[in-house]
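Below is one structure; the comments refer to it alone.
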Amino acid sequence: MGILTDTFTLSNSTEIPKVGFGTWQVPDGKATYDAVRTALDVGYRHIDTAHGYGNEASVGRAVRDSGIAREDLFITSKLPADAKTHDLAATRRDESLTNLDLGWIDLYLVHAPWPWDRIATRHDQGNLDAWRALEEGYGDGTLKAIGISNFDVHDMENLLAHGDVAPVVNQIQYYVGFTEPVITSFAQEHGMLVEAYSPLATGDMLGNADVAAVAEAHGVSAAQVALRFCLQNGILPLPKAVGPEHIRDNAELDFELTADEMTTLNALADTAPSHYHNPTQG
Ligand SMILES: NC(=O)c1ccc[n+]([C@@H]2O[C@H](COP(=O)([O-])OP(=O)(O)OC[C@H]3O[C@@H](n4cnc5c(N)ncnc54)[C@H](OP(=O)(O)O)[C@@H]3O)[C@@H](O)[C@H]2O)c1
C-alpha cells in the first residue's frame, strides 16, 4: 500500500486514509471538479470539504464520475460554525448529505466551536445541541464518524463531559513551527486523531530556509517535508492544491525524515509568523 491508501484507525475502528486532499477556497464548479478528479486520478482516496466551502456538490459529482467504489473513498465534510441549535444543525447536516449525494459521509465535523464572526466566544450549550444532530446522524449510519475542528481544551472537555458519543477527530491548524501542543496532546490523550489543516500554512511556510535545507538533503520539495513532518508526528495532513504538479508532489511522500531532522523541525519557531492564526489556538 502507498501513503494515499495507508490508514490511521479512528477510535470507533473506522479506517481513514493518512493523507486528505483539501478543497478550501477552491471555487464550486469546474475548479473543484477538476481538482478532485485529478486528485482521485493521482490516487488520493480521502477528500476534505465543508458545507461552508460551498463546493460539496462539485466534490460529490467528481467522486461519482470517478467510478471509484464508494467504499474505497473517505469523504469528510463539516457543519457550518454558526449552526449552534439542534434544528439548524440537523438541517445543515442533511444539506451536506444532499449536496454531496454520496449515500453517506465518512466523517462530519463541527467546523468550529464559535461562529466565524465571533471567534473565541464560548458556546457550550450550542455546541452540545449541534453535537446531538451529529450523534443522530452517527446513530442512523449516514455519518460514519463524527468529530470537531478548531476546538480548544475547554470546548473538548465540554463535549467529552456532556455528549453521548466522543469525537474521534479534532482538525486544527498545524504546520512546522505551529503545532498547537496543548490542544494536540489533550486531543490525542482523549482518543482523537489530530488532523493538520493548512499543513503548508496556505503556502506561507514554503519559503522557510530551515525547511528548505531539509528538503534539499532529501531531494524533495518543502511541501513534501512539511507533509512528512505531520505524518511522522502521527498527524494526518490535509494539503490543498489545484495545480496538478502540486497535487502529484504532495502524493509522493515515500521518504523518511531522520530522527535528528524531526527534532530540528519540531524545535523550529513558527515558519509562517505572519500567517493568520485563530486567537484561541496556540
Ligand atoms: N477546519 C478548518 O477550519 C480549516 C481551515 C483551513 C483549512 N482547512 C482544510 O485544510 C486544507 C488545507 O489548508 P489550506 O487550504 O490552508 O492550504 P495548504 O494545504 O496549507 O496550502 C495550499 C497552498 O499551497 C500551495 N501548494 C500546495 N502544494 C504545493 C506544493 N507541492 N508546492 C508548492 N506549493 C504548493 C497551493 O497552491 P495551488 O492551490 O495553486 O496548487 C496553495 O496555494 C483546506 O483546503 C481545508 O480542506 C480546514
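Model, not experiment: these values are computed from the prediction.
- Between R122 and D152, at least one side-chain nitrogen of the basic residue sits less than 4.0 Å from a carboxylate oxygen of the acidic one, meeting the salt-bridge criterion.
- The backbone N or O of P17 sits less than 3.5 Å from a side-chain atom of H46, completing a donor-acceptor pair.
- Remark: the T49 side chain and the N55 side chain contain an N/O donor-acceptor pair separated by less than 3.5 Å.
- There is no path of hydrophobic side-chain contacts, each under 4.5 Å, that joins V242 to L200.
- A distance-only check finds a donor-acceptor pair linking the side chain of N99 to the backbone of E95 [under 3.5 Å].
- Although no hydrogens or angles enter the test, the distance criterion places a donor-acceptor pair under 3.5 Å between the side chain of Q224 and the main chain of D249.
- Side-chain atoms of T142 and D140 include a donor-acceptor pair closer than 3.5 Å.
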Side chain to side chain contact (heavy atoms under 4.5 Å, CB included) assessment of T38 paired with D41: CA-CA 5 Å; T38 302; D41 285 348; 5.6 Å; no

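- Within a 6.0 Å sphere centred on CG of D254, other residues, nucleotides and ligands contribute 12 heavy atoms or fewer.
- Counting only distance, with no hydrogens or angles, the side chain of N170 and the backbone of I183 share no donor-acceptor pair below 3.5 Å.
- N127 and N158 are not linked by any side-chain donor-acceptor pair at a separation below 3.5 angstrom, with hydrogens and angles left out of the test.
- Between R132 and D164 there is no salt bridge, since no side-chain N of the basic residue sits under 4.0 Å from a carboxylate O of the acidic one.
- For T202 (side chain) and S198 (main-chain N/O), no donor-acceptor pair under 3.5 Å exists by modelled atom type.
- In the model, H123 has no side-chain atom that pairs as donor or acceptor with a side-chain atom of D155 under 3.5 Å.
- The closest donor-acceptor contact from the side chain of K144 to the backbone of L107 lies at 3.5 Å or more, if one exists at all.
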Derivation and outcome, side chain to side chain contact (heavy atoms under 4.5 Å, CB included), residues E136 and R93: CA-CA 10 Å; E136 289 163 3; R93 173 203 67 202; 3.5 Å; yes

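- A chain of hydrophobic side-chain contacts below 4.5 Å, direct or via other Ile, Leu, Val, Met, Phe, Trp or Tyr residues, connects L193 to F74.
- A donor-acceptor pair under 3.5 Å is formed between the side chain of S149 and the backbone N or O of Q171.
- Checked options T258, V176, N208, L257; the residue passing with V214 is L257 (criterion: side chain to side chain contact (heavy atoms under 4.5 Å, CB included)).
- Of the possible polar contacts, one joining the S66 side chain to the V63 backbone as a donor-acceptor pair under 3.5 Å is found.
- Under the 4.5 Å side-chain contact rule for hydrophobic residues, L143 and W104 do not share a cluster.
- I75 and W24 fall into different hydrophobic clusters, where Ile, Leu, Val, Met, Phe, Trp and Tyr are joined by side-chain heavy atoms under 4.5 Å apart, directly or via other members.
- With 3.5 Å as the limit, one finds no donor-acceptor pair spanning the side chains of N250 and Y44.
- A distance-only check finds no donor-acceptor pair linking the side chain of T23 to the backbone of I47 [under 3.5 Å].
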Derivation of the ring-ring contact (aromatic ring centres under 6.0 Å, His included) call for W131 and H162: CA-CA 10 Å; W131 188 245; H162 303 296; over 10 Å; no

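- Contacts of R64 classified as side-chain contact (heavy atoms from CB on, under 4.5 Å), with partners at least two apart in sequence or in another chain: R61, D101, L102.
- Side-chain contact, Y138 with N12: a donor N or O sits under 3.5 Å from an acceptor N or O.
- Ring orientation note: the planes of F178 and Y175 are close to parallel, at an angle under 30° on the 30°/60° scale.
- Checking S58 against D28 by side-chain atom types alone, a donor-acceptor pair falls below 3.5 Å.
- Looking at N150, its side chain does come within 3.5 Å of a backbone N or O of H111 through a donor-acceptor pair.
- Hydrophobic clustering (side-chain heavy atoms under 4.5 Å, transitive across Ile, Leu, Val, Met, Phe, Trp, Tyr) keeps W116 apart from I172.
- In this structure, H275 and H277 have perpendicular ring planes: the angle between them is above 60°, well past the 30° mark.
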